[in-house]
Amino acid sequence: MSQAETAEPVERTGAVQQAGRGGSPAAVTPPPAPRRLRSPGLFRGPGLFRSELTLTFRRWRSLALLGVLAVVPVLIGVAVKIETSDGGAVGGGGAPDGGAGVAFVSQITNNGLFLVFAALAATLPFFLPMAVGVVAGDSVAGEANAGTLRYLLVAPAGRVRLLLAKFAAVMAFCLVATLTVALSALAVGVLLFPVGDVTTISGVPVPFTEGLWRAVLIAAVVAGSLVGLAAIGLFVSTLTSSGIAAMATTVGLLITVQILQSIPQLDAVHPYLFTHHWMSFADLMREPLLWDGVLRNLGVQAAYAAVFGSAAWARFTTRDITS
């Protein structure tokens, strides 16, 4: 047999095999496999979104964040139940600033549905945006860090379509996170407190069914309030290949904006901060409903989404993907 015949090339995919002693092959452990791509059709239309949605909600980090959010209403409900077990008022009365969150808490003992509004008011300043910031910051940078981003771009998905699918998946997480808080609060409120006709913060009673409808509307507005932060997190995620760095930067920006919001000397810039109108959802518990603050909030979120979404597109479409 000639030397050319014995040196016949062998095509290898995945693990590299070598001949060991006795003729038995010894396999070298392959690197972590990229996300499995079934067919090009997976990346057309809703298929790519389903793929990103599955990836987002299968991560243990996302599930842990949702678990923490579900516990917060339980803690609030149990705390209110213990504090009012002797017939006393919650917190000894209202707050001097007349905050909507305190107004909701003071009504929990009269109607368990108010635990939904109180829980959303308690989680919106930090817990909900922190969870969204972690997921958004990891959306692109996490793929780059894992070495799967370039495999995704090999498939006929296109960078723009992939970026849109990731943003849509982050927005789906915003909605699921908000509904997790609302449904947990509703379950605890029904178990621990009486329910019935709802008295709005304007003092006008409305039927319980209308109160439920307003709770759904408020949950949708709260989820929409996180659009701006989601776009910021997505943009930050396109700047680095480290998921941890992107998540820390996004959460750090959130904390910085919250600090700026609390400085009275900067009141001229407060209306332009994406956190400024977050609590405007309380106007949906007035009679009649007041939409001015809610629409301003959604308008600010749309502006942030347009600016930082465009920045993410410009960065991602020109970025040299090497991992």
Side-chain angles (χ1 to χ4, degrees), residues 32-59 61-62 65 129 131-178 220 223-251 253-254 274 297-323:
R35 289 164 57 187
R36 183 175 297 176
L37 311 179
R38 295 182 179 178
S39 66
L42 177 68
F43 295 96
R44 296 174 182 171
L48 178 59
F49 172 67
R50 287 196 300 268
S51 175
E52 293 298 328
L53 202 63
T54 301
L55 179 67
T56 299
F57 287 99
R58 287 183 62 182
R59 287 174 174 164
R61 185 189 301 114
S62 301
L65 290 171
V132 171
V134 168
V135 173
D138 191 56
S139 56
V140 176
E143 296 271 17
N145 185 56
T148 57
L149 185 58
R150 60 180 176 180
Y151 292 101
L152 288 175
L153 295 179
V154 168
R159 296 195 179 195
V160 175
R161 190 179 301 177
L162 179 61
L163 192 67
L164 289 175
K166 287 187 175 296
F167 182 70
V170 174
M171 288 310 306
F173 181 84
C174 295
L175 181 60
V176 171
T178 305
S225 300
L226 302 170
V227 171
L229 179 62
I232 293 174
L234 186 67
F235 168 63
V236 172
S237 189
T238 63
L239 299 177
T240 178
S241 296
S242 173
I244 295 178
M247 290 184 287
T249 301
T250 305
V251 175
L253 288 174
L254 168 66
F274 63 86
N297 175 36
L298 297 180
V300 170
Q301 304 306 321
Y304 271 85
V307 172
F308 286 95
S310 300
W313 166 80
R315 168 61 179 168
F316 191 61
T317 53
T318 59
R319 177 179 174 181
D320 185 16
I321 305 297
T322 59
S323 59

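- At a threshold of 4.5 Å between non-hydrogen side-chain atoms, the residues T178 and F173 do not count as touching.
- The two atoms that bring V170 and A230 nearest to each other are CG1-CB, 3.7 Å, heavy atoms only.
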Just list the side-chain donor-acceptor pairs under 3.5 Å for residues 132-141, sequence neighbours left out, or say none.
unit_1	atom_1	unit_2	atom_2	d
D138	OD2	R59	NH1	3.0
D138	OD2	R61	NH1	3.1
S139	OG	A136	O	2.6

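- Here the closest heavy-atom approach between residue A305 and residue V227 is recorded as CB-CG1, 3.6 Å.
- In this structure, CG on L226 lies 9.5 Å from CG on L254, to the nearest 0.5 angstrom.
- Side-chain contact check for T56 versus K166: every heavy-atom pair is 4.5 Å or farther apart.
- Using a 30° and 60° split on the angle between ring planes, Y304 and F274 fall in the perpendicular class, above 60°.
- The minimum heavy-atom distance linking T250 with G233 is given by the pair OG1-CA, 3.6 Å.
- Considering CZ of R159 and CG of L163, their distance stands at 10.5 Å, rounded to 0.5 Å.
- Counting all heavy atoms, side chain and backbone alike, F49 lies closest to A172 at CZ-CB, 4.4 Å.
- The two residues S225 and Q301 come nearest to each other via the heavy atoms O-OE1, 3.0 Å.
- Counting all heavy atoms, side chain and backbone alike, A169 lies closest to E52 at CB-CB, 4.0 Å.
- The CG atom of L164 lies 9.0 Å from the CG atom of L234; values are rounded to the nearest 0.5 Å.
- Between V160 and W313 there is a side-chain heavy-atom pair separated by less than 4.5 Å.
- T238 has its side chain within reach of F235: a pair of non-hydrogen atoms, C-beta onward, lies under 4.5 Å apart.
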